[in-house]
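The structure under discussion appears below in the form of structure tokens.
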Amino acid sequence: MNENLPPCPQCSGAYAYETGALLVCPECGHEWSATTDPEGPADGGGAQVVKDAVGNVLADGDTVTVVKALKVKGSPGGIKAGTKVRNIRLVDGVDGHDIDCKVDGFGPMQLKSSVVKKA
């Protein structure tokens with residue numbers, strides 16, 4: 001073999017070979033993508049990293065504060081800046097709405113991480 005292929009992330013076998021877009025280990029039968037980081041998660045999907053307006057990493061169950069006033073469709077008022085939202089849940093939302101939460105006085109809704117900061 002004249003190519004330098006990485007060892008198998010499962011068994012550290014040195015005899016990995018390439019089959020199309022995948023790398024295969026003949027010792028244990030493990031297949032992985034050549035473009036993914038072998039040190040990454042073994043479940044196949046990358047962990048979602050969501051950051052708030054100031055760059056802090058958010059996690060499920062965090063408490064956040066809204067940093068600017070938000071208009072809420074169908075409501076005469078909106079969410080004021082400084083409103084605390086407890087027990088958030090990170091989701092793959094639509095149009096960048098990646099936080100699922102329940103805002104006091106408004107009910108369940110999704111927010112963008114760019115309009116909140118970690119409390």
Side-chain angles (χ1 to χ4, degrees):
M1 284 189 180
N2 56 3
E3 353 178 359
N4 292 328
L5 295 176
C8 175
Q10 191 110 13
C11 70
S12 301
Y15 301 109
Y17 61 91
E18 196 169 8
T19 304
L22 294 176
L23 296 174
V24 179
C25 177
E27 295 175 6
C28 69
H30 180 67
E31 297 179 351
W32 71 97
S33 175
T35 59
T36 59
D37 183 16
E39 303 299 321
D43 63 355
Q48 177 184 5
V49 176
V50 178
K51 294 185 178 184
D52 65 1
V54 294
N56 297 322
V57 177
L58 297 174
D60 286 343
D62 282 346
T63 299
V64 296
T65 305
V66 178
V67 295
K68 70 177 196 174
L70 303 172
K71 294 181 182 178
V72 178
K73 191 174 187 179
S75 174
I79 300 174
K80 295 180 181 178
T83 302
K84 284 200 176 200
V85 181
R86 291 176 176 78
N87 200 15
I88 65 169
R89 199 174 51 159
L90 302 178
V91 295
D92 290 329
V94 181
D95 287 339
H97 293 84
D98 46 10
I99 297 175
D100 197 19
C101 60
K102 188 165 117 179
V103 180
D104 292 337
F106 289 96
M109 65 176 50
Q110 291 187 340
L111 296 173
K112 292 183 178 183
S113 58
S114 61
V115 297
V116 298
K117 73 174 185 173
K118 195 171 184 175

Determine whether [X] and [Y] make a side-chain contact, defined as any pair of heavy atoms from C-beta on separated by less than 4.5 Å.
X      : Y     : result
Leu23  : Leu5  : yes
Met109 : Val72 : yes
His30  : Pro9  : yes
Lys68  : Leu70 : yes

Please say yes or no: joined through hydrophobic side-chain contacts below 4.5 Å, possibly via intermediate residues, are [X] and [Y] part of one cluster?
X      : Y     : answer
Val67  : Ile99 : no
Val103 : Val50 : yes
Val115 : Val64 : yes

(request) Kindly give the heavy-atom pair with the smallest separation between Pro26 and Tyr15, and that separation in Å. (result)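 The pair with the smallest heavy-atom distance is CD-O, 3.1 Å.
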
(request) Grab the two heavy atoms, one from Cys25 and one from Cys11, that are nearest each other, plus how far apart they are. (result)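 That would be SG-SG, 3.6 Å.
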
Under 3.5 Å, which donor-acceptor pairs do the side chains of residues 52-63 form with other protein atoms, sequence neighbours left out?
{"unit_1": "Asp52", "atom_1": "OD1", "unit_2": "Val54", "atom_2": "N", "d": "3.2"}
{"unit_1": "Asp52", "atom_1": "OD1", "unit_2": "Gly55", "atom_2": "N", "d": "2.9"}
{"unit_1": "Asp52", "atom_1": "OD1", "unit_2": "Asn56", "atom_2": "N", "d": "2.6"}
{"unit_1": "Asp52", "atom_1": "OD2", "unit_2": "Asn56", "atom_2": "ND2", "d": "3.3"}
{"unit_1": "Asp52", "atom_1": "OD2", "unit_2": "Lys118", "atom_2": "N", "d": "2.7"}
{"unit_1": "Asp60", "atom_1": "OD1", "unit_2": "Leu90", "atom_2": "N", "d": "2.7"}
{"unit_1": "Asp62", "atom_1": "OD2", "unit_2": "Ala59", "atom_2": "N", "d": "2.8"}

Let me confirm one number: the [atom1]-[atom2] distance from [X] to [Y], rounded to the nearest 0.5 Å.
X      : Y      : atom1 : atom2 : value
Cys28  : Glu31  : SG    : CD    : 10.0 Å
Cys8   : Trp32  : SG    : CH2   : 4.5 Å
Ser113 : His97  : OG    : NE2   : 10.0 Å
Ile88  : Gln110 : CD1   : CD    : 12.0 Å

(message) Strictly distance-based, threshold 3.5 Å: is any side-chain N or O of Thr65 a donor or acceptor partner for the main-chain N or O of Ala119?
(response)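 Looks like no, no N/O pair under 3.5 Å.
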
(message) Does anything in residues 90-115 form a salt bridge (Lys or Arg N to Asp or Glu O under 4.0 Å)? List the pairs, not counting sequence neighbours.
(response)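 Qualifying pairs, neighbours excluded: Arg89-Asp100.
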
